[in-house]
A.B. asks: 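Please see the structure below; I have some questions.
So you know, we letter chains A, B, ... as the sequences are listed, proteins then strands, and number each from 1.
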There are 2 protein chains.
Amino acid sequence: MPATVLVVEDEPAIQELIAFNLKQAGHIVMAAPSAELASRMIKDALPDLILLDWMLPGMSGIEFARKLKGDGYTKAIPVIMLTARGEEQDKVKGLETGADDYVTKPFSPRELNARIKAVLRRRAPQMTDEQVEMAGLALDPITHRVTGDGASVDLGPTEFRLLHFLMTHPERVHSRAQLLDSVWGNQVYVEERTVDVHIRRLRRALEPTQHDVLVQTVRGAGYRLSQRA
Amino acid sequence: MPATVLVVEDEPAIQELIAFNLKQAGHIVMAAPSAELASRMIKDALPDLILLDWMLPGMSGIEFARKLKGDGYTKAIPVIMLTARGEEQDKVKGLETGADDYVTKPFSPRELNARIKAVLRRRAPQMTDEQVEMAGLALDPITHRVTGDGASVDLGPTEFRLLHFLMTHPERVHSRAQLLDSVWGNQVYVEERTVDVHIRRLRRALEPTQHDVLVQTVRGAGYRLSQRA
DNA sequence: GCCCGTTGTCACGCAAGCGTCACATTAGCG
DNA sequence: CGCTAATGTGACGCTTGCGTGACAACGGGC
């Protein structure tokens with residue numbers, strides 16, 4: 001939930017106001033008064049979200065947004081545009097930016113925070129939500145249900161993600177590091193042995209239907225999901 | 001016939017105008033300024049209808065419509081195209097891509113509402129004002145009445161919409177964010193925990209007839225309506 | 001004006017789940 | 001057949017997510 005936000009705004013008063021609110025909401029704030037400076041900061045720090053003022057000295061906000069969305073590795077970063085009320089009618093006409101949302105000034109802190117939250121919400125990791133099945137073991141991401149030969153199996157959130165990953169990448173050995181990356185997310189510091197414990201919990205949950213044998217240990221390498229011995 | 005409508009329109013002024021009218025007519029409104037964002041919202045929130053602007057930044061409205069109709073489970077969602085006056089000759093093209101209707105800008109709110117009503121009525125299956133029933137729990141959108149095993153249950157407006165959405169999308173787990181989109185509309189800004197409170201209120205209202213057990217919590221994921229344990 | 005139903009938010013508390021450690025067990029190697 | 005490293009396993013604090021009641025802000029009806 002806490003994210004790194006870059007605020008591109010040339011007017012100090014507004015910039016400070018925004019920054020204060022964002023920090024209050026637990027975000028990490030970077031600020032740049034111009035597009036040039038912003039560009040460099042983006043390269044350095046890769047923010048999760050950019051708040052972009054419509055009017056900027058030099059390059060306008062529109063141009064900048066277009067440039068961002070054109071560039072390969074910045075186009076994934078969501079942009080929220082800040083526009084003054086009077087500018088809507090005239091300027092918005094030729095809009096071709098890839099902004100993800102707009103906020104018109106003046107805005108309340110609550111509104112801004114809410115829109116930020118809404119935009120960040122959508123960058124959620126999207127697992128393929130197709131149903132997966134293997135040797136009588138079935139997992140459905142949509143209903144969030146797991147069944148072994150029809151009998152329901154209940155798993156904690158982490159075990160669920162772990163099994164889902166293994167089922168979508170079967171027959172292949174995954175090191176503990178890889179599993180931490182794929183299942184826990186690569187920004188978390190967790191001991192590698194923690195994987196062992198969750199494998200254990202997963203196996204125990206699969207025991208009643210004998211499906212625990214599918215989860216195999218490859219000594220010195222990691223774990224694997226497979227039907228073959 | 002309250003329905004969830006997704007408005008895909010990049011121009012904020014028009015988008016807000018449409019949203020205002022739809023809300024006035026009792027619909028739940030979601031809005032997305034780009035095809036990209038719209039895709040994600042559709043997958044999450046499953047709107048009943050999509051209002052699609054002809055011209056969009058990046059992918060054009062036509063392309064987007066074609067993509068929607070090509071995809072397996074979005075092709076059932078009706079699409080109404082919004083076109084500017086000069087583009088009328090493209091009407092044919094629009095209908096070819098699978099749009100269910102089209103409206104030329106500028107349009108009156110009454111015309112838009114009428115078309116929406118017509119399109120929604122045309123849809124035979126899972127029409128939004130069809131009566132829904134599940135395990136003795138029945139909800140009638142027309143009379144706005146809910147009964148559990150015959151006994152009447154009384155709900156506030158929000159709980160009613162929440163239950164209606166859950167009943168029309170059962171078995172499936174919905175995150176708090178998805179519920180906010182589908183039941184509140186993504187134009188209002190409320191805390192995710194608010195969903196919990198309304199779930200609580202819904203459960204309490206369903207308690208007398210034991211139907212509260214249908215509303216299930218999936219820890220770490222969201223809520224689900226289901227008969228199975 | 002006043003009242004009452006509804007709504008969004010907060011604070012508190014409990015319980016599930018998580019990560020880590022310590023110890024038991026096993027596999028592989030000479 | 002013992003030794004060692006890797007893995008299995010149970011237990012234990014601690015965090016986090018969710019349930020729940022309370023409350024203030026609205027807003028519509030009388």
A.B. asks: Considering heavy-atom distances to DNA chain D, does A:Arg204 or B:Gly220 have its closest nucleotide positioned more toward the 5' end?
C.D. replies: A:Arg204
A.B. asks: Please tell me if the side chains of A:Leu82 and A:Glu9 come closer than 4.5 Å, counting only heavy atoms from C-beta onward.
C.D. replies: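 A:Leu82 vs A:Glu9: side chains touch.
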A.B. asks: Should the side chain of A:Arg201 and the base of D:dG10 be counted as holding a donor-acceptor pair, with the cut-off at 3.5 Å?
C.D. replies: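 No, the side chain and the base share no sub-3.5 Å donor-acceptor pair.
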A.B. asks: Do B:Asp101 and B:Arg115 meet the salt-bridge criterion of a basic N to acidic O distance under 4.0 Å?
C.D. replies: yes
A.B. asks: In whole Å, what is the span from the CG atom of A:Leu180 to the P atom of C:dC18?
C.D. replies: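 It works out to 14 Å between those atoms.
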A.B. asks: Is it the case that the side chains of B:Thr194 and B:Glu191 hold a donor-acceptor pair, with the cut-off being a distance below 3.5 Å and no angle test?
C.D. replies: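 There is no such pair between these side chains.
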A.B. asks: Quick check: do A:Leu225 and A:Met134 have side-chain heavy atoms less than 4.5 Å from each other?
C.D. replies: yes
A.B. asks: Mind calculating the distance between CG (A:Leu155) and P (C:dC18) to the nearest angstrom?
C.D. replies: 10 Å
A.B. asks: For A:Thr143 and B:Arg228, test the side chains for any donor-to-acceptor distance below 3.5 angstrom and give the result as yes or no.
C.D. replies: no
A.B. asks: Does the base of D:dG19 carry an N or O that pairs as donor and acceptor with the side chain of B:Arg193 under 3.5 Å?
C.D. replies: yes
A.B. asks: Does B:Thr217 place a side-chain N or O at less than 4.0 Å from the phosphate oxygens OP1/OP2 of D:dG17?
C.D. replies: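 Answer is no, no contact under 4.0 Å.
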A.B. asks: Which of these passes side-chain hydrogen bond (donor to acceptor under 3.5 Å, both in side chains) with A:Asp196: A:Arg193, A:Arg200, A:His198?
C.D. replies: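 In the set A:Arg193, A:Arg200, A:His198, the residue that makes a side-chain hydrogen bond (donor to acceptor under 3.5 Å, both in side chains) with A:Asp196 is A:Arg193.
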A.B. asks: Starting from P on D:dG19, measure out to CD on B:Gln216 and report it in whole angstrom.
C.D. replies: 12 Å
A.B. asks: Rounded to the nearest Å, what distance is computed from the CD atom of residue B:Glu192 to the P atom of nucleotide D:dG17?
C.D. replies: 11 Å
A.B. asks: Quick one: which of C:dG19, C:dG8, C:dT7 gets closest to the side chain of B:Thr158?
C.D. replies: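 Per side-chain heavy atoms of B:Thr158, the pick is C:dT7.
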A.B. asks: Report each atom pair, protein N/O against N/O of nucleotides 24-30 of chain C, whose distance is under 3.5 angstrom.
C.D. replies:
from	atom 1	to	atom 2	distance (Å)
C:dT26	O2	A:Arg219	NH2	3.2

A.B. asks: Scan B:Phe160 against the nucleic acid and name what it touches under 4.0 Å (heavy atoms): base, sugar-phosphate only, or nothing.
C.D. replies: nothing
A.B. asks: Please report the distance, rounded to the nearest Å, between CD1 in B:Ile199 and P in C:dT7.
C.D. replies: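 Roughly 14 Å, once rounded to whole Å.
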A.B. asks: Could you give the CG-to-C1' distance, from B:Asp196 to C:dA15, as a whole number of Å?
C.D. replies: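 In whole Å, C:dA15 C1' lies 15 Å from B:Asp196 CG.
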A.B. asks: Which of the following nucleotides, D:dG8, C:dT7, C:dC10, is nearest to the side chain of B:Pro157?
C.D. replies: C:dT7
A.B. asks: Ignoring backbone atoms, establish whether B:Tyr189 has a side-chain N or O less than 4.0 Å from OP1 or OP2 of C:dT9.
C.D. replies: no
A.B. asks: Rounding to an integer number of Å, can you tell me how far A:His198 NE2 sits from C:dG19 C1'?
C.D. replies: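 One finds 7 Å between C1' of C:dG19 and NE2 of A:His198, rounded.
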A.B. asks: Could you tell me the separation between the CZ atom of A:Arg203 and the P atom of D:dT7, rounded to a whole number of Å?
C.D. replies: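 Rounded to the whole Å, the gap is 11 Å.
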A.B. asks: Can you tell me how the ring of A:His144 sits relative to the ring of A:Phe160, calling it parallel under 30°, perpendicular over 60° and tilted otherwise?
C.D. replies: parallel
A.B. asks: Give, for atom CZ of A:Arg161 and atom CG of A:Leu139, the distance between the pair rounded to the nearest 0.5 Å.
C.D. replies: 12.5 Å
A.B. asks: Are OP1 or OP2 of D:dT20 and a side-chain N or O of B:Arg200 less than 4.0 angstrom apart?
C.D. replies: yes
A.B. asks: Measuring to OP1 and OP2 of C:dG8, would you say a side-chain N or O of B:Trp184 lies under 4.0 angstrom away?
C.D. replies: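 B:Trp184 to C:dG8 OP1/OP2: side-chain N or O found under 4.0 Å.
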